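I have placed the structure first, in the form of structure tokens, so that the comments after it can refer back to it.
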Number of protein chains: 2
Amino acid sequence: MAELTERQRLILALIIREYIETAQPVGSESLQKRYQLDASPATIRNDMAALTEAGYLRQPHTSAGRVPTEEGYRYFVRQLMGHIDLPADTKRTITHQFYQVGYDPDRWMRLAASVLAQQAKAASLVTAPHVEQARFKHLELISTRGRQVLMVLVLAGGDVRQQMLTLAEPVTQEQLSAAANHLNQLLSGLAPEAISALTTPLDVLEQDLVRLIVEELRHASQLLGSEVYRDGLTHVLSQPEFSESESARKALRILEERPLLEDLLTRTLETTNVGGVQVLIGGEGTWEELRDCSMVLARYGAPGLATGALGVLGPIRMAYGRSISTVRFVAGLLSDLVVELHSE
Amino acid sequence: MAELTERQRLILALIIREYIETAQPVGSESLQKRYQLDASPATIRNDMAALTEAGYLRQPHTSAGRVPTEEGYRYFVRQLMGHIDLPADTKRTITHQFYQVGYDPDRWMRLAASVLAQQAKAASLVTAPHVEQARFKHLELISTRGRQVLMVLVLAGGDVRQQMLTLAEPVTQEQLSAAANHLNQLLSGLAPEAISALTTPLDVLEQDLVRLIVEELRHASQLLGSEVYRDGLTHVLSQPEFSESESARKALRILEERPLLEDLLTRTLETTNVGGVQVLIGGEGTWEELRDCSMVLARYGAPGLATGALGVLGPIRMAYGRSISTVRFVAGLLSDLVVELHSE
DNA sequence: TTTTAGCACTCTCACCTTGAGAGTGCTAAT
DNA sequence: ATTAGCACTCTCAAGGTGAGAGTGCTAAAA
């Protein structure tokens, strides 16, 4: 496959830009007119034929304009698009919104999903940050009724996990508090492995509690164990490629089915560093369900402490520039917030 | 409007049943054949004409079969349907699932949404229970960094709320624990009003904390302050009435836009007791957005303590029998769980 | 060698017509 | 009160048609 000439690259970029906007096949004459190109339609046609040959364009039928192929989009994203950034005032507005909701991780996530959806005009998803290496911070035991006890476990980073547990025999609140105090001193700042390795003698209640705590800490380290925030689902439906419900359903399923999403996120992002953005165009051969969709995904958080994932989902004909810059920016913002959360 | 004869009521019921299944207008002849009716097609036509006159049926065009009107569905739900219940083994299966996920309110909600969606083959929503009268149970203060303090507030019922706060000046963990201990003794079991009315002398830190606690307790009493769980959105898209994306978008918007949903739930359910089920057919003239949808909603929980809402959303041509029985049953189940949560 | 004008060709899409089919309402007979 | 018979209405799928957009090719021009 020969190298592309500069004009061919320009034409490819323009066709993609035009097609993203109009969702209509792009013809040689309209392209030349719209962008006041120096070359004549016939020249453009020759270049289009070359680009089709190279696999970057295709024709829906013999006599329609050209449409980008998935390879075309990939080339565009990698080589033609350049580094696009959100306008400074947009950034400022978003930042402002985050600082205005105050210190509330739950609302950060909701806001992040909302911002992503609105800016990229696509469906968005944000997973809550999960600690990569959960560390004990504080334990609280509250007696409720009979042998029922509410255990509140605070992790380093301020994550709070609660669990109800039923003891073998009734225990007074005083005994519970004493046990909690003891464990708080003993386990402070420890990771589950370190806790398991402890040799300090413990009574029966404390042993049970330690077992539960280790379990919870381990559980907290799983990606997607917690919540997934979604927004902008209606944007997906307003895209013409999802006008028939069958394709729209396939797209929504990706966001709705947890195991699917989990697989997708882990496999895509395990190799991605915080700060990097992954672009999945048309399933990339791996994900059948994504065949008609593209996703722009990123990882955010404090590496080694707590990370989460976020991204947008739209048709293959997606405004990649806008999506990528939005995802990158929001990921950066959330990273800052998470880092702040964990620095102590 | 004359009373309906017994046969007319039968015909209306059969037409609705048939239409719900096939989504096609129902004609006199096919109806007679399908259900082996004694009357001839001509007789059925006469009754159909009467039902159309009465406002329960209409014809999409001069020469198509009949389709139920919204009034027709209402009559059906109120007068014809009778009390339908889920099969005993379905109930058992569902109950089993709930007890299998263990003591985890978050997973209860997710499971409830999933069960509703699957059983009713519609989109479902579940709001987390909110305490009607929030009462203080336990406070925990954890120093993190400098003047940053994590406040963990446990409400009666086991609800846990966390908040980060920044103090005017640094305070040691010992001082924090002392303040927490003091407040725990002082405020145990109190509602926000009772706390505000207290005259016990407090130091500055404690005064600040009490103010925050009252605020949080008040906040906890708001409906929908917390999470909304959704599931089965793809079911909506598989209904033929939502095959064009425009109408599907309207339906999804109802579930996605929080203020809309909040208004809908509060206004519909404020008059509904726990145990009752509300059926909204085609917006009922009040909600423009719901014009092409129906909802089956219920309130669940422990009256006076904590309640939440749940329901399903589907096309007007909804299997009301199945939806209502499912919603009623799941609401009952969640109510039991919430009652258990609060009985102490 | 590259670019361009000219032109025949292809394919879609919107539009129209048409006939079969389903269902109705009316009338008159049972 | 019910029903058979019948003319009538309306939709919908199928087939035909022409305008329009866009192409590739060829040969001339730069």
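A note on names: the letters A, B, ... follow the listed sequences, proteins ahead of strands, and every chain is numbered from 1. Worth saying up front: this structure is predicted, and the values here are computed from it rather than measured.
- Atom CG of A/Leu37 and atom P of C/dT4 are 11 Å apart (whole Å).
- Each of B/Thr43 and A/Gly65 was assigned the nucleotide of DNA chain D with the nearest heavy atom; the assignment lying further toward the 5' end belongs to B/Thr43.
- Considering only residues two or more places apart in sequence or on other chains, A/Arg58 meets the side chain to side chain contact (heavy atoms under 4.5 Å, CB included) condition with A/Val67, A/Thr69.
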How far apart are the C-alpha atoms of A/Lys250 and A/Glu289, what are their side-chain angles, what is the distance that settles it, and do they pass the salt bridge (Lys or Arg N to Asp or Glu O under 4.0 Å) test? CA-CA 6 Å; A/Lys250 262 167 66 182; A/Glu289 296 82 357; over 6 Å; no

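- Residues forming a side chain to side chain contact (heavy atoms under 4.5 Å, CB included) with A/Glu256 (at least two apart in sequence, or on another chain): B/Asp231, B/Leu233, B/Thr234.
- In this structure, the side chain to side chain contact (heavy atoms under 4.5 Å, CB included) partners of B/Glu29, at least two apart in sequence or on a different chain, are B/Lys33, B/Pro41.
- Ion pairing of A/Arg258 with A/Glu262 is absent here, as no side-chain N (NZ or NE/NH1/NH2) approaches a carboxylate O to less than 4.0 Å.
- Residues forming a salt bridge (charged side-chain N to carboxylate O under 4.0 Å, His left out) with A/Glu18 (at least two apart in sequence, or on another chain): A/Arg34.
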Give every pair of a protein N or O atom and an N or O atom of nucleotides 25-30 of chain D that lie under 3.5 Å apart, one pair per line with the distance.
none

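- Atom pair A/Ile44:CD1 and D/dG22:C1' shows a separation of 13 Å (rounding to whole Å applied).
- Contact annotation: the side chain of B/Thr52 approaches that of B/Arg66 to within less than 4.5 Å [non-hydrogen atoms, C-beta and beyond].
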Dump the pairs, protein N or O against N or O of nucleotides 7-13 of chain D, anything under 3.5 Å, distances to one decimal.
unit_1	atom_1	unit_2	atom_2	d
D/dT9	O2	B/Ser63	OG	3.2
D/dC10	OP1	B/Thr62	OG1	3.3

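- Proximity of B/Leu252 to A/Leu252: side-chain heavy atoms (C-beta onward) are separated by under 4.5 Å at one or more points.
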Throw together a table of side-chain donor-acceptor distances under 3.5 angstrom for residues 81-89 of chain A, partners on residues two or more places apart or in other chains.
unit_1	atom_1	unit_2	atom_2	d
A/His83	NE2	A/Arg328	NH1	3.3
A/Asp85	OD2	A/Lys91	NZ	3.2

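- Direction change of the helix axis from one end of the helix from C/dT1-D/dA30 to C/dT30-D/dA1 to the other is 30°, with five pairs defining each end axis (rounded to 10°).
- Nucleotide D/dT23 holds its P atom 11 Å from the CD1 atom of A/Ile11, rounded to whole Å.
- Contact check of residues 22-33 of chain A against DNA chain D (heavy atom, cut-off under 4.0 Å) returns A/Gly27, A/Ser28.
- Atom pair B/Arg58:CZ and C/dT24:P shows a separation of 14 Å (rounding to whole Å applied).
- Applying the ring pair (Phe, Tyr, Trp, His ring centres under 6.0 Å) rule to pairs touching residues 58-82 of chain A yields A/Tyr56-A/Tyr75, A/Tyr73-A/Tyr320, sequence neighbours excluded.
- Residue pairs meeting the salt bridge (Lys or Arg N to Asp or Glu O under 4.0 Å) criterion with at least one partner in residues 74-83 of chain B, sequence neighbours excluded, are B/Glu70-B/Arg74, B/Glu71-B/Arg74, B/Arg74-B/Glu284.
- One atom, CZ of A/Arg66, and another, C1' of D/dT23, lie 7 Å apart when rounded to the nearest Å.
- One atom, CD of B/Glu18, and another, P of C/dG23, lie 11 Å apart when rounded to the nearest Å.
- Scanning both residues, B/Leu116 and B/Gly311, for their nearest heavy atoms gives CD1-O, 3.9 Å.
- Residue whose closest nucleotide on DNA chain D sits further toward the 5' end, between B/Ser40 and A/Thr52: B/Ser40.
- The salt bridge (charged side-chain N to carboxylate O under 4.0 Å, His left out) check on A/Glu244 picks up nothing, with sequence neighbours excluded.
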